[in-house]
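The block underneath contains the structure these notes are about, expressed in C-alpha cells.
In the text below, chain A, chain B and the rest are named by the order of the sequence lines, each starting its count at 1. Since the model is a prediction, treat every value here as computed from it, not as a measurement.
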2 protein chains.
Amino acid sequence: MSLNGIFPIDRWNFTTHSVLSVLSEEETARLTRHLTEQHLFKGDVIFREGTVPSGIFLVRSGRVKKYKVDQLGKEQIIYVAGPGELMGYHPVLSGERYADSATAMEDTMVSFIPKEDFMDVLSRSSVFALRMLKAMSHEFTVLTNSISVIAQRTGPERLAIALIVLREKFKYGLSDNEAIPINISRTDLANMAGLAAENVIRLLGEFKAEGILLTEGRKIIIRDVHLLVKRANYR
Amino acid sequence: MSLNGIFPIDRWNFTTHSVLSVLSEEETARLTRHLTEQHLFKGDVIFREGTVPSGIFLVRSGRVKKYKVDQLGKEQIIYVAGPGELMGYHPVLSGERYADSATAMEDTMVSFIPKEDFMDVLSRSSVFALRMLKAMSHEFTVLTNSISVIAQRTGPERLAIALIVLREKFKYGLSDNEAIPINISRTDLANMAGLAAENVIRLLGEFKAEGILLTEGRKIIIRDVHLLVKRANYR
DNA sequence: CCCAAAAACTGATGTATATCAGTTTTGATA
DNA sequence: TATCAAAACTGATATACATCAGTTTTTGGG
C-alpha cells in the first residue's frame, strides 16, 4: 500500500533530509563555517511570519510546526518538520519575508546557517542547486496534496490523514515494532486538521471506540493503521 | 495598498514569467532546440494527474487551470496560469508523476520543451537554476497563502479573493483604463473558491447589488476593486 | 436566425461542523 | 506529593454552506 502522492508524507530520498549529502567536504566546510546550534523549549518561536530571514535552519531533534495565523489569532498548521529537515530557506531564495511562522512543538535542537553561506555554496555547486530544486518540487507535491485534502475531505477524513502524517513524523529514532506515541495537544491537532478542538476530541473518542487508536493522557498511539487509512477514505 | 503576501497574486519579477530572460543566446538555443507549439481549444487537457511528464510547457496566450479531482469527480482548482507562465516542471525536477491536471479554460497557445533540453540547460547554467529556485520559492509563498485562505476564510471571502486573483490573470494584454472581463464558468469559479456553484451565483448577486461588479452574460466585470478587497476582509 | 443543450439562476430543505457554557482531568511546579 | 492552572472533555445550540428540485437564460452549432 503506497500512501505517497495521496497523503502528504515525505520519503527520505525526495526531501530536504538528504540535500546536504551531495556536498563535497570543501563545500560542507563552507556551508557550516558559521553554523550555530540552538536549543529550543516547547513553545519557542523560531521565526515569525512577515519578518526578514537571516539564514536557514536544520532540525536536529524534536518537532517544529509551521503555521499561519488568521485575524482572530487561530493557527492553521501547514507543515510539521522533524529531525533532518531543512526549514526557512524559501524566503532566503526568493528575497521575500517569511510567509509563515515556526514554533517548537517539543524540546528541539536546530542548526542555524547564515543566508550568505547558504547562497554561496548554492551558487558554487550546481549539483546542490539541482538537488534543492528536486526537494522543493517534491515539497510542492506535498503542499498541492494538502490543498486538496483541506478543500475536498470531510472533518473525520482530515483528522485521520493528520494522524497518519503525524505518526510518520514521530516515528524517528524508534525501532520498527515499537509503539509510536504522538505527542500533540488537541488544539494543535485541530489546527492541523482544520477543525474545532471540541470536535477533534469527539472524533478521537469515536476512533478509540472503533479500535483505531488509544490515548494515554495527551499522547495518542495508533493501534491499527489499516483501519485509520480506511477512515481517511483512501482507495 | 499592497495585496502581495496577503492574496496569492504573482508579481512579474518573482514568477516564472521572467526565468528565461537570464539565459544567454546559446543557452536559449539549446533550450528551444526541440520546442514545439500547440494550439489548444477550451476544455483540452494539457496533462493529467498521475501521468509521467515528458517535458515542460510555456503558456503563450490564454488561461490554463491546474486542479485536482476528488473521488466524486469534483475539481479543486489550485492555480490559474496565464501568458508567460511556465507549467509542469515540478514533476520533471522531482522525477515524480504529475500531482495535478491542467486544462485550457479558453483557446490557448503553449510551447512544449522536452525535459532533456530543460534539464540540460539547468545543469549548465547555475544562474538559471538559482532563478528557478527563486521562482519556485515565490510559488511556495503563493501556495502557502492559498492553504490559509481555503482553511481560514469564509465562503464570501474566498469568492472575493478568487475574483481578485482572476482579475489579475485576465488583465494581460489590456490597456490600464480598459474594463477587465473575467471569462469563467460559475462552476470553475465555485471550484476555485471551494463553494457550491449555486452559492457562487447567489453571492455574485449580492456583490452585484453592492456595486462591486456587474455581469454580462457569463462574463464578470469588477466595478470597484476597493469594495471587493473590503469584501475579502483585508485590513 | 432558430433551436436544443448547457449553463445560469431560484427557493426550500438538510447537515456537518462551529460555538457556547459548562465539568473533569492532567501534568507541571513548588 | 499537594496544588492549581491549563488542557481535555461533554452536551446543547447555532449556523454556514451543501444539496435537491426545479425554472429561466444563454450560447454556439446548423
Whole angstrom value for the distance that separates [atom2] of [N] from [atom1] of [X]:
X      : N      : atom1 : atom2 : answer
A:L159 : C:dT17 : CG    : C1'   : 13 Å
A:D70  : C:dA18 : CG    : P     : 13 Å
A:E106 : C:dG27 : CD    : C1'   : 16 Å
B:E198 : D:dA16 : CD    : P     : 18 Å
B:F207 : C:dC9  : CZ    : P     : 14 Å
A:R202 : C:dG22 : CZ    : C1'   : 13 Å
B:K42  : D:dG29 : NZ    : C1'   : 14 Å
B:K74  : D:dA18 : NZ    : C1'   : 9 Å

B:E37 versus B:S111, side-chain donor and acceptor atoms under 3.5 Å: yes

Strictly by modelled atom types, are A:N145 and B:K68 linked by a side-chain donor-acceptor pair under 3.5 Å?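 Their side chains do contain a donor-acceptor pair, which is all the 3.5 Å distance test asks for.
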
Residue of the set B:L228, B:I212, B:I184, B:L203 for which side chain to side chain contact (heavy atoms under 4.5 Å, CB included) holds with B:L163: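 It is B:L228; the other options fail the test.
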
If you assign each of A:R158 and A:E216 to its closest nucleotide in DNA chain C, which residue comes earlier from the 5' end?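 Checking each residue's closest nucleotide, the 5'-ward one belongs to A:R158.
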
B:A232 and B:I164: which non-hydrogen atoms are nearest, and at how many Å? CB-CD1, 4.1 Å

At their closest point, which heavy atom of B:A102 faces which heavy atom of B:M87, and how far apart are they?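 So the two residues come closest at CB-CE, 4.4 Å.
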
Under 3.5 Å, which N/O atoms of the protein pair with N/O atoms of nucleotides 5-8 of chain D?
unit_1, atom_1, unit_2, atom_2, d
D:dA7, O3', A:R218, NH2, 3.2
D:dA8, OP1, A:R186, N, 3.1
D:dA8, OP2, A:R186, N, 3.3

Would you say the ring centers of A:F140 and B:F140 fall short of 6.0 Å from each other?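 Between B:F140 and A:F140, which both carry aromatic rings, the centre distance is below 6.0 Å.
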
Check this one for me: any side-chain N or O of B:N199 less than 4.0 Å away from OP1 or OP2 of D:dA18?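 Affirmative; the distance criterion is met.
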
